[in-house]
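Position 1 is the first residue of the sequence; numbering continues from there. Read the numbers this way: they start at 1 and go in the same order the structure lists the ligands and their atoms. Values in this document were obtained by computation on a predicted structure and should not be read as measured data.
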Amino acid sequence: MNLSISSFFARKKQKKAILADTNITSLIFRKYESCGKRLFLLDYDGTLIPFSDTPKDAIPDQTLIKTLTALTLDSRNTVAIVSGRSRVFLDFYFADMPLILIAEHGTFIKKIHASWEPAIDEEYPWKRSALYMAETARLMVPLSEIEEKESSVAWHYRKCDPGIAEINKNILIRSVLDSPIADQVRIIKGNKVIEIQEAKNNKGTAGLQIVNSNKFDFILCAGDDTTDEDLFAVLEEAFTIKIGKGGTVARYYMRTPEDFRTFLSQFSRLIV
Ligand SMILES: [Mg+2]
């Protein structure tokens, strides 16, 4: 499978995803067994791990580590975690494992046991304006916080009065969209967080680098969020699975992260 960046811009239309029941998972297992170069592209929060009240509590458990380890033990498998999390977080929990890591929604890539590299060589001249607008929101909403990442500015309002937060969230989004930086960034509406991110960095662009690095004949990609849609959209022949309900360009969906974890753990039975 070799996909060009240009296909990324030809976004797929949303069709109704099919529930990945046992018929579908059997089909996926059969395809997996018949293929020699397999790639797993896995989102972290809401896919491998259920959401928790504070992001720092959503840490990998022993069952997940065991499942991922089992997958990596088969030399025909390449396993990548494609997350919005920072490099520090992913390194802390996964650096010792033979995994490809993608941090900050596709901003940085770390090949197996290599160093972190930026997915795109880029400076971020819009960041000063974005910080200014986020700071305005922070001052208006008590207990809200700003998180500055390399290629993004995030405004968190988890512990805040929902009414005040909602009004100022909309003001922040509007002010970014009406500003001169609007075409350089995109706004990611997350779970109690608004993230202003470099437009060129996304999971689709970063994921394609891995997809195109080898002739994979089996690709399984799973995610729960709008940022994962960028990756689903560029994977023409992959088994794409959205976790949870809602519009998606993925072919299949599963209802919960628990369902996906059970499914993923079953691959280890097929390792010979
Ligand atoms: Mg997610």
Identify, with sequence neighbours excluded, every residue that meets side-chain hydrogen bond (donor to acceptor under 3.5 Å, both in side chains) alongside Arg255. none
Once the angle between the rings of Phe218 and Phe40 is folded into 0 to 90°, is it parallel (under 30°), tilted (30 to 60°) or perpendicular (over 60°)? tilted
Sort by chain and number the protein N/O/S atoms found under 2.8 Å from the Mg ion (ligand 1). Asp43 OD2, Asp45 O, Asp224 OD1
Please examine the side chains of Phe92 and Ile59, heavy atoms only from C-beta on, and report whether any two atoms are closer than 4.5 Å. no
CD (Glu117) with more than 12 external heavy atoms under 6.0 Å: no
Please determine whether the number of non-hydrogen atoms from other residues, nucleotides or ligands lying under 6.0 Å from atom CG of Asp183 exceeds 12. yes
Between Gln197 and His105, does the side chain to side chain donor-acceptor pair (under 3.5 Å) criterion hold? Intermediate values first, please. CA-CA 9 Å; Gln197 198 196 24; His105 310 290; 5.3 Å; no
